[in-house]
Amino acid sequence: MLASPSSFKRINSLRQLLGVLGDRGERKSSLSVVAGIEDDDTAANDDDDDDPPFTPWAVSVASGHALLRSPQHNKGLAFTEKERDAHYLRGLLPPAVINQELQERRTLHILRQYQVPLHRYIAMMDLQESNEKLFYKLLIDNVEELLPVVYTPTVGEACQKYSGIYRRPQGLYISLKDKGKILEVLRNWPEKNIQVIVVTDGERILGLGDLGCQGMGIPVGKLSLYTALGGVRPSVCLPVTIDVGTKNEALLKDEFYIGLKQKRATGEEYNELLEEFMTAVKRNYGEKVLIQFEDFANHNAFELLTKYRTSHLVFNDDIQGTACVVLGGVLSALKLIGGTLADHTFLFLGAGEAGTGIAELISLEILKKTKLTLEESRKKIWLVDSKGLIVRSRKESLQHFKQPWAHDHAPVKGLLEAVKAIKPTILIGTSGVGKQFTKEVIEAMVSINAKPLIMALSNPTSQSECTAEEAYTWSQGHAIFASGSPFDPVIYDGQEFVPGQANNAYIFPGFGLGLIMCGAIRVHDEFLLVAAEALASQVTEEEYAKGIIYPPFKKIRKISAIIAAKVASRAYELGLASHLPRPRDLVKFAESCMYSPTYRNYR
Ligand SMILES: NC(=O)C1=CN([C@@H]2O[C@H](COP(=O)(O)OP(=O)(O)OC[C@H]3O[C@@H](n4cnc5c(N)ncnc54)[C@H](OP(=O)(O)O)[C@@H]3O)[C@@H](O)[C@H]2O)C=CC1
Ligand SMILES: CC(=O)C(=O)O
Ligand SMILES: [Mg+2]
């Protein structure tokens with residue numbers, strides 16, 4: 001259909017509004033226009049009665065068959081009789097009209113029939129690609145049941161089998177072949193107003209190693225949580241996989257592998273591609289686009305963060321997001337295990353991104369809360385890597401991120417020996433290797449502590465340092481336990497123990513929302529501390545009474561709004577927020593910015 005001059009004018013003014021907050025705090029979205037309905041899906045627009053007067057634009061970019069094929073606008077059998085008439089849908093759908101609630105129940109019923117988790121994952125991805133709002137409504141309303149499907153552990157298996165289950169592109173693939181043309185590649189993406197990018201190069205996918213191009217499942221999964229858990233609109237999210245080859249021999253030999261079949265590029269070739277990507281992103285989307293680095297190997301992860309944190313809005317989820325969620329869990333656990341943070345002794349198995357990232361944030365929190373120096377606060381934290389306890393006298397040179405943790409001590413080889421030597425009160429697994437917290441290790445923790453805090457953070461479930469059942473059984477119910485991937489509650493000695501899920505999914509959606517809504521231009525360490533404290537503050541007395549240290553995921557949208565508000569507030573205080581004036585009530589503002597998956601009426 002043709003657009004009237006007034007509708008062009010309206011669209012142009014919409015263009016100017018892209019990325020700019022509206023009067024009620026809602027963000028205007030991209031120019032998706034279906035038969036006169038602007039795609040403005042923030043919570044502020046839930047109630048159709050509150051809609052602005054309907055403007056009969058003569059523009060219809062999708063109707064009939066194309067409307068059913070548009071995941072952003074398709075409502076399937078929920079199109080009403082009137083909508084079917086108005087939008088050329090007669091005959092294209094079976095006669096029944098089923099509302100969104102019934103569609104949701106039906107889809108859940110079907111999903112539950114699949115016995116194999118990967119089949120549920122594939123069904124969810126198909127839904128995301130065919131009816132985005134139903135996908136998000138389902139995920140938001142059933143977050144505890146569906147998080148393990150779209151996220152860890154199932155997303156790990158999906159990445160391992162990604163070439164086999166690949167159906168259609170879900171994000172942007174940038175490979176070495178695109179060198180010199182990355183800006184053009186970015187411009188091929190259909191959405192122009194991007195506010196969050198999650199990017200991986202696939203080299204350290206969960207604890208599963210180098211999965212190359214198949215790592216795409218991770219940015220896709222993380223961004224679906226940005227929307228479901230943090231309320232960031234799907235249209236502003238961009239999953240990216242940078243393919244520089246892989247060192248995974250099995251993939252290189254796999255005739256169906258979807259990535260570049262060459263040895264992983266390193267050094268200058270790698271750095272140049274990343275530099276071109278970072279420059280192109282800033283040029284195309286401006287300096288307020290958030291770039292979340294995800295599942296890079298540690299030799300690149302630390303360097304990328306250091307290199308770009310002063311020029312871009314960057315956040316490394318594995319280093320910083322994990323640090324936040326663990327600090328939040330430890331602060332919360334103090335109510336159960338007693339003492340202040342500075343009273344405790346920490347031992348990590350694994351001294352990479354997650355381990356040293358957490359260690360650093362814990363020492364910053366001790367620095368903030370006590371009169372200790374950074375050096376003194378670091379002395380409370382010990383790390384074990386694949387060669388044993390990290391000590392100053394170690395002969396081999398230590399990677400730079402391990403050096404602050406090389407304290408004076410005689411060399412110690414294994415974890416059990418380290419536990420006996422250091423006598424930690426808190427044991428944290430970030431090794432990426434399963435089954436390292438053996439019965440002997442857990443019994444040693446119990447012999448030292450009345451209530452040891454044990455966190456087995458490695459993902460997916462197969463790589464967890466121990467299971468919940470092992471932690472509770474071997475500690476005879478004394479351990480406070482949390483893990484990166486979910487475990488069901490355990491009955492031990494007639495008592496129910498509910499493990500926490502110490503996963504950065506508690507943090508990055510709200511953290512990112514906070515950065516976006518205040519127009520932050522840089523991430524400051526202070527933001528990480530307030531986000532961790534905000535998470536800890538959300539555990540109730542009833543939850544503590546049951547030994548729970550993380551709030552249930554079903555409260556996550558409220559928690560994300562609170563984290564977003566704390567992050568934004570700190571950004572305003574530090575002069576790092578560009579959206580002025582500062583909204584008075586930042587929690588309400590965060591909630592008003594959140595995407596709503598409820599269908600709109602296409603009148
Ligand atoms: N729950 C959550 O939210 C998160 C969980 N993770 C999980 O944490 C794990 C590690 O991730 P990340 O820190 O990025 O990985 P890295 O590769 O950066 O670090 C792994 C560390 O573990 C050490 N290690 C490996 N094997 C052993 C072993 N057998 N004994 C002792 N140490 C060992 C390595 O030692 P060396 O240095 O000597 O090689 C290295 O220090 C992954 O499984 C990941 O899924 C990560 C981020 C968030
Ligand atoms: C949770 C996460 O980010 C990881 O395991 O890498
Ligand atoms: Mg990760």
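Note that the structure is a prediction, hence the values are computed from the model and not measured. Both counts, for ligands and for their atoms, begin at 1 and track the order of listing.
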Heavy-atom distances under 4.0 Å are what count here, so tell me which part of D295 touches ligand 1: side chain, backbone, both or neither.
neither
Atom pair OG1/CG of T227 and L225 - distance to nearest 0.5 Å
9.0 Å
Considering the heavy atoms of S386, write down every atom of ligand 1 situated less than 4.0 Å from one of them.
31 (C), 32 (N), 33 (C), 35 (O), 36 (P), 38 (O), 39 (O)
Looking only at protein heavy atoms, which one is nearest to atom 29 (N) of ligand 1, and how far off is it?
Q436 OE1, 3.9 Å
Atom 5 (O) of ligand 2: the protein heavy-atom neighbour that sits closest, reported with distance to 0.1 Å
N459 ND2, 2.8 Å
Would you mind running through ligand 1 and noting each atom that sits below 4.0 Å from a heavy atom of G484?
1 (N)
Any salt bridge linking R204 with D210? Criterion: basic side-chain nitrogen under 4.0 Å from a carboxylate oxygen.
no
Nearest protein heavy-atom contact for atom 13 (O) of ligand 1: which residue, which atom, what distance?
A354 N, 2.9 Å
Side chain, backbone, both or neither: which part of A502 has a heavy atom under 4.0 Å from ligand 1?
backbone
Numbering as shown, the atoms of ligand 1 that approach D318 to under 4.0 Å (heavy-atom distance)
47 (C)
Could you tell me if D317 and N504 have a donor-acceptor pair between their side chains, going purely by distance under 3.5 Å?
yes
With the Mg ion (ligand 3) as the point of reference, which N/O/S atom of E294 is the closest?
OE2
With heavy atoms and a 4.0 Å threshold, my read on which part of N459 contacts ligand 1 is both
Between Y544 and S332, is any side-chain donor less than 3.5 angstrom from a side-chain acceptor?
yes
Please examine the side chains of I422 and H409, heavy atoms only from C-beta on, and report whether any two atoms are closer than 4.5 Å.
yes
Considering all heavy atoms, the nearest I507-A531 contact:
CD1-O, 4.2 Å
Quick check on contacts: which atoms of ligand 2 are under 4.0 angstrom from a heavy atom of L206?
4 (C), 5 (O), 6 (O)
Atom 46 (C) of ligand 1 sits nearest the protein heavy atom R204 NH2, 3.7 Å
Give the atoms of ligand 1, by number and element, whose distance to some non-hydrogen atom of G432 is under 4.0 Å.
9 (C), 10 (C), 42 (C), 43 (O)
Within the 4.0 Å heavy-atom shell around E294, which atoms of ligand 2 are there?
3 (O)
Measuring from the heavy atoms of Y151, does anything fall under 4.0 Å of ligand 2?
yes
Which atoms of ligand 2 have any heavy atom of D318 under 4.0 Å away?
2 (C), 3 (O), 4 (C), 6 (O)
Shortest protein heavy-atom distance from atom 10 (C) of ligand 1, along with the residue and atom involved
T430 O, 3.5 Å
Closer than 4.0 Å to some heavy atom of R204 - which atoms of ligand 2 meet that?
6 (O)
Measuring from L364:CG to D525:CG, what's the distance to the nearest 0.5 Å?
5.5 Å
Atom 3 (O) of ligand 1: which protein heavy atom is closest, and how many Å away?
N504 N, 2.9 Å
Given the Mg ion (ligand 3) as the apex, I'd like the angle to OD1 of D318 and OD1 of D295, rounded to 10 degrees.
90°
Between T152 and S485, do the side chains contain an N or O donor and an N or O acceptor separated by less than 3.5 Å?
yes
Winner among D385, V325, T322 once heavy atoms are compared against atom 32 (N) of ligand 1:
D385
Interfacing atoms of ligand 1 (cut-off 4.0 Å, heavy-atom, A351):
21 (C), 40 (C), 41 (O)
Short list, please: which atoms of ligand 2 are under 4.0 Å from a heavy atom of D317?
3 (O)
Within the side chain of T356, is there an N or O that forms a donor-acceptor pair under 3.5 Å with the backbone of A351?
no
Under 6.0 Å between ring centres, would you say that holds for F315 and F293?
no
Taking the six-membered ring for Trp and the single ring otherwise, decide whether the centroids of Y472 and F497 are under 6.0 Å apart.
yes
Considering only non-hydrogen protein atoms, determine which one is nearest to atom 17 (O) of ligand 1 and report residue, atom name and distance to 0.1 Å.
N298 ND2, 3.5 Å
For Q463, state whether at least one heavy atom is located under 4.0 Å from any atom of ligand 1.
no
Tell me, which protein residue and heavy-atom name are nearest atom 5 (C) of ligand 1, and how many Å apart are they?
L457 O, 3.2 Å
Establish, from distance only, whether the side-chain atoms of Y550 and N503 form a donor-acceptor pair under 3.5 Å.
no
So for T322 against ligand 2, with non-hydrogen atoms under 4.0 Å, the contacting part is neither
Indicate the ring-plane relationship of H524 and F527, choosing parallel, tilted or perpendicular according to the 30° and 60° boundaries.
tilted
Walk me through whether V289 and L313 qualify under side-chain contact (heavy atoms from CB on, under 4.5 Å).
CA-CA 7 Å; V289 60; L313 184 68; over 6 Å; no
Protein heavy-atom partner closest to atom 19 (O) of ligand 1 - residue, atom, separation in Å:
G352 CA, 3.3 Å
Counting only nitrogen or oxygen atoms and a 3.5 angstrom limit, does N504 reach ligand 2?
yes
Close side-chain approach of L111 and H119, heavy atoms under 4.5 Å:
no
Please could you name the atoms of ligand 2 that K222 approaches to less than 4.0 Å, counting only its heavy atoms?
1 (C), 2 (C), 3 (O)
With heavy-atom distances below 4.0 Å as the criterion, list the atoms of ligand 1 near K402.
36 (P), 37 (O), 38 (O)
Below 6.0 angstrom between ring centroids: does that apply to Y506 and F553?
yes
Heavy-atom pair with the smallest gap, counting every atom of A158 and L118:
CA-CD1, 3.7 Å
For the residue pair F401 and F302, categorise the inter-ring angle as parallel (less than 30°), tilted (30 to 60°) or perpendicular (more than 60°).
parallel
